[in-house]
Amino acid sequence: MTSAIDKHLGVHAQALTLRSQRTELLAANLANADTPGFRARDIDFKSALAQASGNAQQGVRLQTTNAAHIGPKMANGSPAPELKYRTPLAPSLDGNTVDAQLEQAQFAENTVRYQATLQFLNSKFRGLMTAITGQ
């Protein structure tokens with residue numbers, strides 16, 4: 001059951017969580033840019049957001065059937081979206097698929113979008129506070 005505030009915020013709360021998770025992935029990619037054999041990972045933001053908001057088409061997903069199984073979780077404990085491997089533009093000899101310049105550009109774009117979502121949510125909360133206080 002969704003609350004009135006969830007309806008008011010819409011999909012933006014889930015988008016903020018996904019942007020945070022994507023930031024973790026992109027930072028890990030950048031941190032491992034010189035690690036031999038490291039494969040860059042990312043999420044498909046559109047499909048992950050659709051899945052988080054309940055609008056996704058159901059596909060094949062792994063699930064844990066025992067309490068001892070390790071579920072897909074991010075470092076902050078939230079459920080992880082489906083991770084995909086990034087295809088390198090210029091493969092390296094050591095098997096590393098991280099293109100540092102591409103990852104930095106993706107990280108910067110994700111950060112700008114994260115900040116925009118925060119500002120949008122801030123304006124939503126200001127609107128709610130104005131409605132509550134009547135000023």
>> For Asn110, give me all partners under side chain to side chain donor-acceptor pair (under 3.5 Å), at least two apart in sequence or on another chain.
In response: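 Applying side chain to side chain donor-acceptor pair (under 3.5 Å) to Asn110 gives Arg19, Thr23.
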>> Tell me which pairs pass ring-ring contact (aromatic ring centres under 6.0 Å, His included) where either residue lies in residues 85-120, with sequence neighbours left out.
In response: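 Non-adjacent pairs meeting ring-ring contact (aromatic ring centres under 6.0 Å, His included): His12-Phe120.
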>> Testing the basics here: between Thr97 and Pro88, what is the closest heavy-atom pair and its distance to 0.1 Å?
In response: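 What the structure gives for the nearest pair is CG2-CG, 3.9 Å.
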> Where do Ala40 and Asn29 come nearest, in terms of heavy atoms and distance?
Replying inline: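 It is CA-OD1, 3.6 Å.
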>> If I take atom OG1 from residue Thr117 and atom CG from residue Asn122, how far apart are they, to the nearest 0.5 angstrom?
In response: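 The CG atom of Asn122 is 12.5 Å from OG1 of Thr117, to the nearest 0.5 Å.
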> Atom CG of Leu25 and atom CG of Leu30: how far apart are they, to the nearest 0.5 Å?
Replying inline: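 Answer rounded to 0.5 Å: 11.5 Å.
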Distance-only donor-acceptor hits, side chain of residues 31-39, under 3.5 Å, sequence neighbours excluded:
from, atom 1, to, atom 2, distance (Å)
Asn32, OD1, Thr35, OG1, 3.2
Asn32, ND2, Ala28, O, 2.9

> With a 4.5 Å limit on heavy-atom distance, are the side chains of Ile43 and Leu83 in contact?
Replying inline: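 Ile43 reaches Leu83 side chain to side chain.
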>> Would you say that Leu26 contacts Asp42 through its side chain, given a criterion of any heavy-atom pair below 4.5 Å between the two side chains?
In response: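 The answer is yes; the side chains approach within 4.5 Å.
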>> Can you pull out every salt bridge (Lys or Arg N to Asp or Glu O under 4.0 Å) where at least one residue sits in residues 93-110? Sequence neighbours excluded, please.
In response: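 Pairs touching residues 93-110 that pass the test: Arg86-Glu103, Glu109-Arg113.
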>> Against Leu49, only a single residue in Val11, Asp44, Thr17 fulfils side chain to side chain contact (heavy atoms under 4.5 Å, CB included); can you say which?
In response: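 In the set Val11, Asp44, Thr17, the residue that makes a side chain to side chain contact (heavy atoms under 4.5 Å, CB included) with Leu49 is Val11.
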